[in-house]
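Below, all heavy atoms of this structure are taken into account, side chains as well, without hydrogens, waters or symmetry copies.
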Amino acid sequence: VKHSCKTPEAWLSADPSNETWAATTSCIACQRVIASTRQIVAAMQRVDSVLPDIRRERNAQKMRSQLAAIAAQLGGRIDSSTENAKTPLSTWRFARWLVPATLAVVALIALWWPTSTSPSLVGLNQGVACLTPYRSDNANALPRTKAYVGGRFSRLVTGNDDVLHANVAGGLIDVVLIDATEIDVRAVASNAIDLELSSGFLVVENRGSATLNIRIGTRTIAASLARFAMYRSDDSTVIAVQYGTVSVTQQASDPISVDSNQQWPSDDDAHRLVELHGLWRWLHALSTQTAAVDESPRVAPSPTVVTVSSPKQEQASKRLAAEPLHPMAAIPRREQPPTMPTLQTAADLYRSAEAALAAGDTTTASRTWAALLAQFPADDRVPTALFDLATVARGTGDLKAAATWLQKIPASAPASIRSNAAYLLCRIDIEGNQLESAADCLQAYRRLFAQSAHDQEVLQWLVGYHSNHSACSMTRSLAQEYVRRYASSKFAEQARGLLTCGDTP
Amino acid sequence: MISMVGLLAMIAMDRRALGTVPPPIGNSSAPVETAAIVQRARNGDAVALDELYRLHCDKAFHLLTRLVGAVQERDDLLQESFLQAFRALPTFRGDAAFATWLHRIVCNVAYRYLRKRPSRYFEELSTSLPSQAMSPVELAEQKRELQLAENYLAALHPKKRIAFVLRMVEGFSLGEIAELVGAEAAAVGQRVKHAQRELEAMLHRDAARQRKELS
């Protein structure tokens, strides 16, 4: 039955059981159903304001990382203050002036600073140059700050030990600094990051389409959707590409593109200042060292993997023509399976995924969670990641994928996750209009999680379902249970009416 | 004749009596355990901070939902409220209950959010199961009603909206609201009254427009 919104009487008089949900909703949408403020109040009182278990746990998990810092602050500055914590709205009026004034002072310092010290290395702190230069061998200077710039969670740059993550509009960028590496963060924009490598090793992965530029003297290395390692010493630069394409641009010359596992042909003398090798083994060696950074003392990279090239074009040309480019160049490519070395911990991956989700990038979030499942199948975060994947899939309307993810949640997962997963599975049946299956599912759910926070609504749904399907004995039994357990609820009155289901009047 | 405001306040009070509304948040007989946890938290005990979160997150979430609607940012706002509260713990004297103090912060966070957010209204619909005991028409009506209610409230100034919701939806007294939002009780009363008038004006205007369209 297709109704016109101009004749609401037509659908109001129709049998609701013959209506499709979409048709009904679209017709209702044409009606103004609020006529008084009392209705507004009643509607607002119906909004579900219960914090689901899964979200409570997730919020607690999110906060936990910050609680330690707050606790440390509190422990250090508790005094016998008798001032009560009044935070009236007028405080924010004052803050409205205070914040721009502070920003202005910071901007003035930032303008003044680069001319006052040379060189001016800064940490990954949005180009604010008043912080200590970032050197990975100086633990006290590590940028551990989190900065939110340009809007809520739109750009998140965090520094954590030697791994720096940047979540920009185009996706996630990870920069790993090995040993005594020095970098200068020149600019962080909404969709681009501009770094300068002064010396040392970097392993970089750009998992999105954001622009990543790394300057090395007069050259600029640009890469998107690529993973590569690079080394810079006084007079040479070596780049190894694991996947993706890296382009190297020198002033007044065309860019050179180097693809995954490919070696630059070096037929142009103008570009021989840079040697490019797609040697995944070298990269793998670097990443192994990186993974061990936290547990063991730092080990300088083996000198055999570093090629020193001449800074002069002619010398480089002659040398390259006379001998093999690089000792590692002789290694046959693709000898080992092209598995990605593990550079991150499960916690890093989970944080990256959450940051991507907060930025609205569900694709990257899903991919990162999937990477977490692949790399750390036994990690504690796996059940939550599976649940998150299911939620994202459900959000995109892919109910089948959502159900698949939920079914993978292991039995060893915490009860709160198992309970929510089981509940969501049943809801997916309802959303897919598999009502019979949903009824079975919800009954099983009640048996497994009798004390669930969803029990009331599940029971209500089941009463309604069996009542609609004229299953009187079942309806009576469920309605009886509902009345017994939730006597003061709104639906209890209706449930009482159903206790006489099937009785002859 | 009982005014509309008075009638709604009575309805809200009835709901509280029936137990469908959480008890007043300014309860002075706060459990001794909470005071002990607060003291531990003030001394920098991270576990106590976590406990405080778990004890109070449900009520804070409920209040946030009422104030800003069922928007997706509720979790972020909840986190922000708690972090602000924890950072300000050294200034918490303990005269009022911790919950009251926390909810004052929640109100401020909600106020700032309402001031900043663009004019989009309802992002996250109720997570409750659609009841099989209701017809599709009833369910759709409820859903639509909720969306419209949120639209009307979104048109109010955040201060008026907060006062209106706390008074009419939650059933707090003017004194309680005054304590939560840091204003005089008389000023809160004015805000509620103005909110009521503005909502009624909007409803009349829409009703007239619809009558015109149908004719």
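- Taking CD of A:Q39 as the reference point, atom CG of B:L203 lies at 8.5 Å (rounded to 0.5 Å).
- Per-residue heavy-atom pair counts under 4.5 Å with chain B were compared for A:A495, A:A60, A:S467, and the maximum is reached by A:A60.
- Rounding to the nearest 0.5 Å places CD1 of A:I70 at 12.0 Å from CZ of B:F82.
- Residue with the most contacts toward chain A among B:T65, B:D50, B:D75, B:L83: B:D75 (heavy-atom pairs, distance under 4.5 Å).
- Residues satisfying the salt bridge (charged side-chain N to carboxylate O under 4.0 Å, His left out) test with A:D440, not counting sequence neighbours, are none.
- Checked against side-chain contact (heavy atoms from CB on, under 4.5 Å), A:A365 has the following partners two or more places apart in sequence or in another chain: A:A356, A:L357, A:W369.
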Could you walk me through whether B:E150 and A:M44 pass side-chain contact (heavy atoms from CB on, under 4.5 Å), step by step? CA-CA 8 Å; B:E150 182 62 31; A:M44 292 310 290; 3.5 Å; yes

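- Across B:V165, B:L78, B:L153, the residue that shares the most heavy-atom pairs under 4.5 angstrom with chain A is B:L153.
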Apply side-chain contact (heavy atoms from CB on, under 4.5 Å) to B:Y53 and A:N59, showing your working. CA-CA 9 Å; B:Y53 166 76; A:N59 288 339; 2.9 Å; yes

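- Annotation: side chain of A:T37 is not in contact with side chain of B:Y152 (no heavy-atom distance under 4.5 Å).
- Formation of a donor-acceptor pair under 3.5 Å by the B:R66 side chain with backbone atoms of A:Q45 is found in this model.
- Around atom CD of A:Q480, no more than 12 heavy atoms belonging to other residues, nucleotides or ligands sit under 6.0 Å away.
- Between chain A and the residues B:D58, B:D45, B:L199, the most heavy-atom pairs under 4.5 angstrom are made by B:D58.
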